[in-house]
Q: 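Structure provided below as structure tokens; questions to follow.
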There are 2 protein chains.
Amino acid sequence: MPARLDPVSAKRVAVLKALGHPSRLLITEALMDGELCVQEIRDLVGDDVSTVSKHLSILRAAGVLASEKRGLNVFYTLACDCFGEFLKCVDQVCPVPSALRAAGRKCC
Amino acid sequence: MPARLDPVSAKRVAVLKALGHPSRLLITEALMDGELCVQEIRDLVGDDVSTVSKHLSILRAAGVLASEKRGLNVFYTLACDCFGEFLKCVDQVCPVPSALRAAGRKCC
DNA sequence: TGGTTACTTGGCAAAACAACCAAGCAGAGG
DNA sequence: CCTCTGCTTGGTTGTTTTGCCAAGTAACCA
């Protein structure tokens with residue numbers, strides 16, 4: 001990575017990298033339906049608890065998730081309500097044939 | 001990756017992973033100002049041409065970029081006009097203190 | 001206090017990724 | 001035809017990531 005990255009882009013990379021993993025995206029998508037504790041997330045993705053915990057750390061460090069400890073459990077939630085909108089944006093970054101774009105059709 | 005991913009999420013992961021690299025994000029951001037050929041991109045990121053070419057392959061495979069050969073040059077462009085909107089969405093997936101969210105303030 | 005549950009952290013081996021060099025390939029122009 | 005430029009592909013090496021096990025920490029309960 002020779003080129004220096006400005007802080008804004010660096011934060012973007014952190015978020016994108018955090019979400020660019022099958023298990024981590026799955027976790028984040030699941031949290032759109034509400035908070036989950038680590039065990040529930042473990043059942044969802046099927047990995048070892050330690051692996052899940054590390055995934056969650058990465059997502060929290062990137063600012064995607066927030067966590068709250070209640071009793072013995074740690075509950076994870078989306079840090080931002082706009083994640084659904086974000087996913088729509090991801091889906092719109094799509095391979096539209098340039099012919100369509102040249103014809104003035106927008107993909108979003 | 002034990003849990004099977006549905007095709008939609010798999011595509012999302014590909015896009016997010018492709019953009020979750022400093023050079024690749026830099027390239028994509030630069031293309032918002034218009035098409036660039038490989039040499040120009042090489043000057044931008046400062047990597048070896050072969051490295052740049054591989055980055056571009058990844059971005060094209062993910063559907064983020066499109067390429068067109070004209071003469072000796074290969075020009076790369078954004079596959080979708082909505083990339084600026086996408087970046088806004090990325091920036092909005094932010095670490096807002098839960099206190100703010102609890103108070104009903106939306107981050108986006 | 002000791003035990004149990006829930007989670008995190010450290011450490012390690014396997015896998016994936018990144019970046020370089022070298023070689024190959026395709027057009028353009030002698 | 002040859003050569004040169006622009007880009008891609010193959011190969012190698014070094015780094016990063018991933019995922020498991022084991023050990024450690026924290027909160028609850030008896």
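Per chain, numbering begins at 1; letters A, B, ... match sequence-line order. All values derive from a computational prediction rather than experimental measurement.
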Q: Between B:Glu85 and A:Lys88, does any NZ, NE, NH1 or NH2 come within less than 4.0 Å of an OD or OE carboxylate oxygen?
A: no
Q: Among A:Val49, A:Leu56, A:Leu26, A:Asp47, which one satisfies side chain to side chain contact (heavy atoms under 4.5 Å, CB included) with A:Ile41?
A: A:Leu56
Q: Out of curiosity, does B:Met32 fall in the hydrophobic cluster containing B:Val45 (side-chain heavy atoms, cut-off under 4.5 Å, transitive links)?
A: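 They do share one cluster, since a chain of ILVMFWY contacts under 4.5 Å joins B:Val45 to B:Met32.
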Q: In whole angstrom, give the distance that lies between atom CG of A:Leu59 and atom C1' of D:dT17.
A: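 Between C1' of D:dT17 and CG of A:Leu59: 14 Å.
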Q: Give a yes or no on whether a salt bridge exists between B:Arg42 and B:Glu40, defined as a side-chain N under 4.0 angstrom from a carboxylate O.
A: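 No salt bridge links B:Arg42 with B:Glu40.
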Q: Nearest whole angstrom, please: distance from the C1' of C:dA19 to the CD1 of B:Ile41.
A: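 Distance, rounded to whole Å: 17 Å.
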Q: Can you measure A:Leu26 atom CG to D:dT18 atom P for me and round it to whole angstrom units?
A: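 Atom CG in A:Leu26 sits about 15 Å away from atom P in D:dT18.
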Q: Go along nucleotides 3-8 of chain C 5' to 3' and tag each nucleotide: B for a protein heavy atom under 4.0 Å from its base, S when only backbone or sugar atoms are that close, - otherwise.
A: --BSSB
Q: Taking CG from A:Asp48 and C1' from C:dT9, how many angstroms apart are they, rounded to a whole number?
A: 13 Å
Q: Would you indicate what B:Arg24 reaches in the nucleic acid, counting non-hydrogen atoms under 4.0 angstrom: base, sugar-phosphate, or nothing?
A: sugar-phosphate
Q: Take the protein atom NZ of B:Lys17 and the nucleotide atom C1' of D:dT16, then report the distance between them rounded to whole Å.
A: 13 Å
Q: For A:Glu68 and D:dA27, what is the distance between atoms CD and P respectively, to the nearest whole Å?
A: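 Nearest whole value for this atom pair: 14 Å.
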Q: Should B:Glu35 and B:Arg70 count as an ion pair when the cut-off is N to O under 4.0 Å?
A: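 Between B:Arg70 and B:Glu35 there is a salt bridge, with a charged N closer than 4.0 Å to a carboxylate O.
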Q: Tell me whether the OP1 or OP2 atom of D:dG19 has a side-chain N or O from A:His55 closer than 4.0 Å.
A: yes
Q: Only counting residues at least two apart or in another chain, list the ones meeting salt bridge (charged side-chain N to carboxylate O under 4.0 Å, His left out) with A:Lys69.
A: none
Q: D:dC20 C1' sits how many Å from A:Arg42 CZ, rounded?
A: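 One finds 13 Å between C1' of D:dC20 and CZ of A:Arg42, rounded.
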